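Structure, as structure tokens:
This structure is a prediction, so every number in the text was calculated from the model and none was measured.
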Amino acid sequence: RMLTGLLIPLTTCSARLTVYVLLASIFFPSNAALVIFGMYVASVVLVIGVGLVLLGSGDQAGAEKEFRAAIRIQPGIVEWRLTLARLLASQGKTDEARFHLEQSLKYKPGFTDARAVYVQVLTDMRRPAEAEKQARLAVENDPNSDVARELLGGMLAAKGDLAGARRELSEAVRIQPGNGRAQIQLGMVLANQGDRISAIPHLTAAAQSPDPNIRGAAQQALQALSRR
């Protein structure tokens, strides 16, 4: 908290414009406008950099404060809102996380990463119908996104629509064969449909994922299939 307090002066605001104008006019009279713009950009970069450092160090409260400050300066930068939303969601502040995700999607409807986090937040809030709606919107806005297809496929699988899940997840792995999450989900859907032969290649692909959680789950699924 003390460190965060020391970093607050890095945050710029419109009240400092007169000071920036004065300094730029005195020291850089021929490029005053560019220098003033550079000061604002430098301030935003410093705030975000500090926020990332605090987040990496585990100081969630400090990181949250820095990202809030950055969003006040530039409310339309959707990536910052997404980072803040993820941070809030990890702390159980789902309502506020939802607000920032909705704002991100308002500025950029095709922002699939924000839509994916929004689906997860709605799922955690036990609102499956709304989560499925957002997953469908993700596909509608970006039909060639493997992440969007994976989102919708996962939602359909969760509600028991295996045929729909198979269709969407097949599209996801066609678009991006390296999507380990889509590969393992498709393998599990195929196995639940009794199509063991088709399931094995997808589970095998997932077992090569760099993500240890996906890799471990795929290996367990393959072992379970081999015992059938």
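- Screening residues 151-161 for salt bridge (Lys or Arg N to Asp or Glu O under 4.0 Å) gives Glu132-Lys159 as the qualifying pairs, with residues at least two apart or on separate chains.
- For Glu130, the side-chain hydrogen bond (donor to acceptor under 3.5 Å, both in side chains) partners two or more places apart in sequence, or in a different chain, are Arg98.
- When all heavy atoms of Leu151 and Ala116 are compared, the closest pair comes out as CD1-CA, 3.4 Å.
- Counting heavy atoms from C-beta on, the side chains of Gln103 and Ile71 never come closer than 4.5 Å.
- In this view, Gln220 satisfies the side chain to side chain contact (heavy atoms under 4.5 Å, CB included) rule with no residue, not counting sequence neighbours.
- Here the shortest heavy-atom pairing between Thr123 and Ala131 reads OG1-CB, 3.7 Å.
- Ser198 pairs by the side-chain hydrogen bond (donor to acceptor under 3.5 Å, both in side chains) definition with Asp195, not counting sequence neighbours.
- Of the inter-residue distances, the one linking Gln219 atom CD with Thr204 atom OG1 reads 10.0 Å to the nearest 0.5 angstrom.
- For Glu140, the salt bridge (Lys or Arg N to Asp or Glu O under 4.0 Å) test picks out no residue, with sequence neighbours left out.
- In terms of heavy-atom proximity, Ala221 sits nearest to Met188 at CB-SD, 3.7 Å.
- Using a 4.5 Å heavy-atom threshold, the side chains of Asn141 and Arg115 count as touching.
- A distance of 8.5 Å separates NZ in Lys133 from OH in Tyr118, rounded to the nearest 0.5 Å.
- The local environment of CD1 in Ile197 is sparse, with at most 12 non-hydrogen atoms from other residues, nucleotides or ligands closer than 6.0 Å.
- Considering all non-hydrogen atoms of both residues, Ala206 and Ile214 come closest at O-CG2, 3.8 Å.
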Acceptor/donor pairs from residues 28-36 side chains to any protein atom, 3.5 angstrom cut, sequence neighbours excluded:
none

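- Under the 4.5 Å side-chain contact rule for hydrophobic residues, Tyr107 and Leu88 do not share a cluster.
- Not one N or O on the side chain of Asp142 forms a donor-acceptor pair closer than 3.5 Å with the backbone of Ala138.
- Counting heavy atoms from C-beta on, the side chains of Arg81 and Leu101 never come closer than 4.5 Å.
- Hydrophobic clustering, with ILVMFWY side chains joined whenever heavy atoms are under 4.5 angstrom apart, keeps Val119 apart from Val78.
- Put simply, Val117 and Leu105 are part of the same group of oily side chains (I, L, V, M, F, W, Y) that touch within less than 4.5 Å, one to the next.
- Cluster membership for Leu203 and Val189, using ILVMFWY side-chain heavy atoms within less than 4.5 angstrom, is not shared.
- For the atom pair Leu162 CG and Gln193 CD, the distance stands at 5.5 Å (nearest 0.5 Å).
- Atom CZ of Arg167 is separated from atom CG of Leu156 by 6.5 Å, given to the nearest 0.5 angstrom.
- In the hydrophobic clustering of this structure, Leu225 groups with Ile184; members are Ile, Leu, Val, Met, Phe, Trp, Tyr whose side-chain heavy atoms approach within less than 4.5 Å, directly or through other members.
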Between Arg136 and Val139, does the side-chain contact (heavy atoms from CB on, under 4.5 Å) criterion hold? Intermediate values first, please.
CA-CA 5 Å; Arg136 290 189 182 278; Val139 173; 5.8 Å; no

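- Between Asp113 and Leu82, the shortest heavy-atom distance links the atoms CB-CD2, 3.8 Å.
- By the side-chain hydrogen bond (donor to acceptor under 3.5 Å, both in side chains) test, Glu96 pairs with Arg68, sequence neighbours left out.
- Counting only heavy atoms from C-beta outward, the side chains of Leu87 and Lys93 never approach each other to under 4.5 Å.
- Not counting sequence neighbours, Pro128 has no partner by the side chain to side chain contact (heavy atoms under 4.5 Å, CB included) test.
- Applying the salt bridge (Lys or Arg N to Asp or Glu O under 4.0 Å) test to pairs two or more places apart or on separate chains, none has a residue in residues 26-35.
- Ala89 and Ala97 make their closest contact through N-CB, 3.9 Å (heavy atoms, listed as atom of the first residue, atom of the second, distance).
- Residues meeting the salt bridge (Lys or Arg N to Asp or Glu O under 4.0 Å) test with Lys108, sequence neighbours left out: none.
- Looking at residues two or more places apart in sequence or on another chain, you find no side-chain hydrogen bond (donor to acceptor under 3.5 Å, both in side chains) involving Glu79.
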Which pairs of donor and acceptor atoms, one on a side chain in residues 168-183, lie under 3.5 Å apart (sequence neighbours left out)?
| unit_1 | atom_1 | unit_2 | atom_2 | d |
| --- | --- | --- | --- | --- |
| Glu168 | OE1 | Arg149 | NH1 | 2.9 |
| Ser170 | OG | Arg166 | O | 2.6 |
| Glu171 | OE1 | Arg174 | NE | 3.4 |
| Glu171 | OE1 | Arg174 | NH2 | 2.9 |
| Glu171 | OE2 | Arg174 | NE | 3.2 |
| Gln176 | OE1 | Gly178 | N | 2.9 |
| Asn179 | OD1 | Arg181 | N | 3.2 |
| Asn179 | OD1 | Ala182 | N | 3.0 |
| Asn179 | ND2 | Asp146 | OD2 | 2.8 |
| Asn179 | ND2 | Glu150 | OE1 | 3.2 |
| Arg181 | NE | Glu150 | OE1 | 3.4 |
| Arg181 | NE | Glu150 | OE2 | 3.0 |
| Gln183 | OE1 | His202 | ND1 | 2.8 |
| Gln183 | NE2 | Pro177 | O | 2.9 |

